[in-house]
Amino acid sequence: MKELAAIWAELLDLRPDEIPEDVSFLRLGGDSVLAVRMSALVRKRLGVVLALSDVRVETTLGGLADLVRRRSSDEPMARALPITVTPRRDPHAEFALLPLQQGYFVGQQDGWELSYDSAHYYLDYALTEVDGDEAADALIDAVERLAVHQPTLRARVTSDGRQHVLPVGAPGAVPSVRVYDHREAPAEKIADALAEVRRDMSTTGPDPTSGPGLDIRLTLLPGGEGRLHLGLSLLIFDGWSSSVLSRELLTFAADWNAVIPPLEIHFGDYVTSLADLPGTAAWQADRDWWWSRLDTLPAPPALPLAADPQDVRPVTMGNREHRWPADRWAALRLQCTSHGVTPSTAMLTAFGVVLARWAGHRRMLLNSLQLNRLPLHPDVQRVVGAFASTMLLPLDLDPDATFAQLAAATQTASGEHAAHNLITGVEVGRELARRRGSWRPVGPVVFQSVLGVDAAMGGRPPEEAGPLGRVVASDYFHQLRTPQVSIEVRCFELGDEMVAVFSLVDELFEADQVTAAFAEFVELVDALADGQGWDRVPGLPSSADPVGAESSSASTVRHAEGPPADDLEQVVADVFEEFLEVPVLDRGADFFALGGDSLLAVRAVVRLAKETGAPVPVRDFLADPTVAGVALAVRSRAQR
């Protein structure tokens with residue numbers, strides 16, 4: 001008990017003697033992100049492995065102590081994962097993409113609606129007190145050392161959707177640093193140059209299929225000021241990893257002699273170990289849990305659209321953004337604690353209420369981004385990689401409930417679904433699409449919260465960066481490109497402040513509707529911080545489901561049944577058989593109905609291009625994924 005109280009005290013900034021045994025982690029100021037760190041610290045300090053489903057925010061210190069005692073005994077764990085992560089014999093060997101990486105990879109092939117040629121996040125922030133003569137060398141040195149410490153900086157993705165890490169000495173393995181020296185430039189030129197860098201890095205992201213997944217640049221400005229520019233491929237880095245990367249990069253830049261404790265494992269070791277996951281009882285139980293609920297999942301919010309997503313070719317996503325100052329953010333946290341919900345749950349519930357009013361119905365399926373770093377090794381939280389996954393979350397908002405009641409129900413539902421995290425949202429979405437006969441995105445509306453990440457990582461990022469000067473994190477510019485997403489809310493902390501951003505495909509929505517929805521969201525959160533919004537009944541639509549909404553299922557093309565009609569159809573059938581490992585005897589056989597998925601479709605497209613000499617766009621393959629349909633697409637391309 002004493003050791004656990006010390007861990008809670010460290011995480012919650014309390015004294016151990018201030019922590020009662022019968023008060024929940026949440027009531028004491030904890031949240032789901034801190035709970036992940038709690039699990040890691042219990043493993044590191046006590047040698048006890050807790051499943052993510054064990055560590056809930058509702059846990060009390062007494063309950064956790066009892067759980068740790070039982071896990072320390074010979075009692076079998078209901079969610080035990082008999083998986084060990086060890087360094088691979090060949091650290092440069094290829095390994096698989098995780099499901100969300102696969103989704104981003106397919107999105108970069110223009111395989112889905114709302115696709116981009118690079119799925120990435122761009123960020124730049126201000127620097128002051130920069131040593132203009134030393135900053136560039138310090139940054140280059142920091143990147144080189146970081147690429148040794150974190151091999152994922154040297155990762156590449158193959159054309160058929162696998163990944164590997166280049167040796168440190170391989171040409172182009174380490175990301176290069178570009179430096180723009182505008183210390184003597186006039187203000188007008190600086191403004192134009194900065195706008196050009198932002199435009200370039202926002203619209204042309206790093207692509208690990210052809211180079212590093214990290215694009216890093218430094219702008220030197222007059223008066224010892226500067227900007228640090230980061231472009232991060234979503235194929236390579238998740239949100240947690242971007243924080244790890246930034247912290248370690250600044251640590252190296254601040255001190256030429258800085259040493260970060262070496263990692264025992266790397267991302268490839270972790271991913272390779274997951275190959276054994278489907279053979280575990282826990283994975284099979286999670287699959288059965290999700291599969292039993294698929295047919296009852298609602299549709300995504302039927303938001304009024306200004307254009308068909310299939311016809312839109314977005315370049316970047318637009319942003320609506322609001323910051324809550326320190327006092328308002330502190331007030332909201334206190335209100336959440338007193339009502340027994342996490343701040344992330346409050347923001348998710350507010351988003352759901354706004355979506356319901358905007359769409360005109362109150363049952364909906366949302367997509368939620370999750371950290372999903374399984375506690376398989378003590379170093380998992382320190383490793384850079386694309387660990388993140390999605391989780392499909394159905395909301396069924398009670399029209400007679402107060403906001404507090406809605407939030408409590410949302411937290412219960414979210415916790416229940418997160419407890420079955422061994423099957424990711426991408427995998428659930430594939431099966432759901434297969435059952436619905438649609439290859440359109442099943443979860444284009446996304447919620448993401450990283451509130452509490454700084455505390456979970458042990459404190460705020462460093463502000464002092466040696467020759468790079470002092471980081472001014474509040475002065476930033478950012479841009480996101482996420483395939484298959486129409487609108488996403490992101491919530492994060494910025495020092496003592498909280499920020500919420502609506503990132504969306506502008507072409508899909510009427511601008512005044514987005515502005516109104518975001519203003520409503522901000523107003524609702526403000527009322528929660530004031531304490532007045534919790535007991536209100538939000539006034540939700542009477543309709544549970546969309547009224548008169550057209551099916552999102554793709555139209556099915558019917559072909560005459562029978563064996564392949566010619567040599568080209570036989571080639572297509574043979575390729576289908578190769579990747580699906582089942583007999584394909586009917587020209588009307590559907591690639592996905594036979595067990596295919598989007599990544600296998602990309603690989604099939606690559607193979608067909610080699611076999612026929614006619615590269616078929618992935619989008620054309622998906623439009624009619626039958627033997628006859630794909631053969632028709634190949635023939636059409638060959639005739640151009």
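If you're wondering where the values come from, they're calculated on a predicted model, not measured in any experiment. The residues of the chain are indexed from 1 along the displayed sequence.
The six-membered or imidazole ring of W358 lies near that of F509, with a centre-to-centre distance under 6.0 Å. Here the two rings, on F25 and W8, have centers that are under 6.0 Å apart. For H120 and Y122, the gap between ring centers reaches or exceeds 6.0 Å. In this structure, the ring of Y125 has its center no less than 6.0 angstrom from the ring center of F477.
Note that CG of L366 and CG of L348 are 6.5 Å apart. Values are rounded to the nearest 0.5 Å. Rounding to the nearest 0.5 Å places NE2 of H417 at 11.5 Å from OG1 of T412. Taking CD1 of I423 as the reference point, atom CG of D288 lies at 9.0 Å (rounded to 0.5 Å). Here Q381 contributes atom CD and F387 contributes atom CZ; the two are 8.0 Å apart, rounded to the nearest 0.5 Å. Here the straight-line distance linking atom CG of L393 with atom CD of Q370 works out to 8.5 Å at 0.5 Å rounding. With rounding to the nearest 0.5 angstrom, the CD1 atom of I487 is 7.0 Å from the CG atom of L355.
Side-chain contact check for E113 and Q484: no donor-acceptor pair (N or O, by modelled atom type) lies under 3.5 Å. For the residue pair S243 / S246, no side-chain donor-acceptor distance below 3.5 Å is found, with atom types taken as modelled. E416 and S414 share no donor-acceptor pair across their side chains, judged by distance under 3.5 Å alone. Of the N and O atoms on the side chains of T515 and D512, not one donor lies less than 3.5 Å from an acceptor on the other residue. Under 3.5 Å, the side chains of S242 and R247 contain no donor-acceptor pair of N or O atoms. With 3.5 Å as the limit, one finds no donor-acceptor pair spanning the side chains of R199 and Q479. Using a 3.5 Å distance cut-off with no hydrogens or angles, the side chains of T337 and R27 do not pair a donor with an acceptor. Residues E248 and T251 bring no donor and acceptor atom of their side chains to less than 3.5 Å of each other. Under the 3.5 Å distance criterion, with hydrogens and angles disregarded, no donor-acceptor pair is assigned to the side chains of T402 and D535. Side-chain atoms of S449 and S344 include a donor-acceptor pair closer than 3.5 Å.
The backbone N or O of V315 sits less than 3.5 Å from a side-chain atom of R481, completing a donor-acceptor pair. When atom types are taken as modelled, the side chain of Q513 and the backbone of L303 share no donor-acceptor pair closer than 3.5 angstrom. Between the side chain of N367 and the backbone N or O of V446, no donor-acceptor pair lies under 3.5 Å. Counting only distance, with no hydrogens or angles, the side chain of D238 and the backbone of A388 share a donor-acceptor pair below 3.5 Å. Judged by distance alone, the side chain of N372 and the main-chain N or O of S389 form no donor-acceptor pair under 3.5 Å. Panel note: side chain W534, backbone L528; a donor-acceptor pair is recorded below 3.5 Å. Counting only distance, with no hydrogens or angles, the side chain of E431 and the backbone of V428 share no donor-acceptor pair below 3.5 Å. Within the 3.5 Å criterion, the main-chain N or O of V485 finds no donor-acceptor partner in the side chain of T482. For the pair T410 (side chain) and T345 (backbone), a donor-acceptor distance under 3.5 Å is absent. In terms of modelled atom types and a separation under 3.5 Å, the side chain of E225 and the main chain of A126 share no donor-acceptor contact.
A salt bridge is defined here as a Lys NZ or Arg NE, NH1 or NH2 lying under 4.0 Å from an Asp or Glu carboxylate O, and E18 with R15 meets this definition. Looking at K2 and D17, no side-chain N of the basic residue comes within less than 4.0 Å of a carboxylate O on the acidic one, giving no salt bridge. Ion pairing between a basic and an acidic side chain is recognised when a charged N comes within 4.0 Å of a carboxylate O; E129 and R470 show no such pairing. The existence of a salt bridge linking R328 and D530 is confirmed by a sub-4.0 Å separation between a basic side-chain nitrogen and an acidic carboxylate oxygen. Between D398 and R362 there is no salt bridge, since none of the side-chain N atoms of the basic residue sits less than 4.0 Å from a carboxylate O of the acidic one.
With sequence neighbours excluded, no residue forms a side-chain contact (heavy atoms from CB on, under 4.5 Å) with L334. Qualifying side-chain contact (heavy atoms from CB on, under 4.5 Å) partners for R45, counting only residues two or more places apart in sequence or in other chains: I7, E10, L41. Checked against salt bridge (Lys or Arg N to Asp or Glu O under 4.0 Å), D396 has the following partners two or more places apart in sequence or in another chain: R363.
In this structure, R287 fails the cation-pi test against W290, since its NZ or CZ atom is not both closer than 6.0 Å to the six-membered ring centre and inside 45 degrees of the ring normal.
Counting heavy atoms from C-beta outward, P99 and E427 have side chains that approach closer than 4.5 Å. At a threshold of 4.5 Å between non-hydrogen side-chain atoms, the residues V499 and Y476 count as touching. The closest side-chain heavy-atom distance from R323 to S474 is below 4.5 Å. For the pair L332/W324, no side-chain contact is recorded, criterion being any heavy-atom separation below 4.5 Å from C-beta on. Looking at heavy atoms from C-beta onward, T203 lies in side-chain contact with T316 at the 4.5 angstrom threshold. When side chains are defined from C-beta on, Q411 counts as touching T342, because their heavy atoms get closer than 4.5 Å. Using a 4.5 Å cut-off on side-chain heavy atoms (C-beta onward), L374 and V380 make no contact.
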task = Applying side chain to side chain contact (heavy atoms under 4.5 Å, CB included), run through D506 and L508 and close with a yes or a no.
result = CA-CA 5 Å; D506 284 327; L508 287 181; over 6 Å; no
inquiry  = Does V472 form a side chain to side chain contact (heavy atoms under 4.5 Å, CB included) with E463? I'd like the steps, not just the answer.
reply    = CA-CA 7 Å; V472 186; E463 295 181 352; over 6 Å; no
key: Step-by-step side chain to side chain contact (heavy atoms under 4.5 Å, CB included) determination, S503 to R490   = CA-CA 8 Å; S503 290; R490 291 179 287 128; 2.8 Å; yes
Stepwise side chain to side chain contact (heavy atoms under 4.5 Å, CB included) test for S486 and L114 = CA-CA 7 Å; S486 60; L114 307 180; 4.1 Å; yes
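Counting all heavy atoms, side chain and backbone alike, R373 lies closest to S241 at NH2-OG, 2.7 Å. Scanning both residues, V312 and E507, for their nearest heavy atoms gives CG1-CB, 3.9 Å. When all heavy atoms are compared, the tightest approach of L294 to L432 is O-CD1, 3.6 Å. Of all heavy-atom pairs between M498 and V525, the closest is CE-CG1, 4.2 Å. Of all non-hydrogen atoms in P300 and P444, the two that sit nearest each other are CB-CD, 3.8 Å. The shortest heavy-atom contact between H322 and F518 is N-CZ, 3.6 Å.
By the 30° and 60° cut-offs, the orientation of the rings of H420 relative to W289 is parallel. Taking the six-membered ring for Trp and thresholds of 30 and 60 degrees, F351 and F502 have ring planes more than 60 degrees apart, a perpendicular arrangement.
E321 CD: more than 12 foreign heavy atoms inside a 6.0 Å radius. D311 CG: more than 12 foreign heavy atoms inside a 6.0 Å radius.
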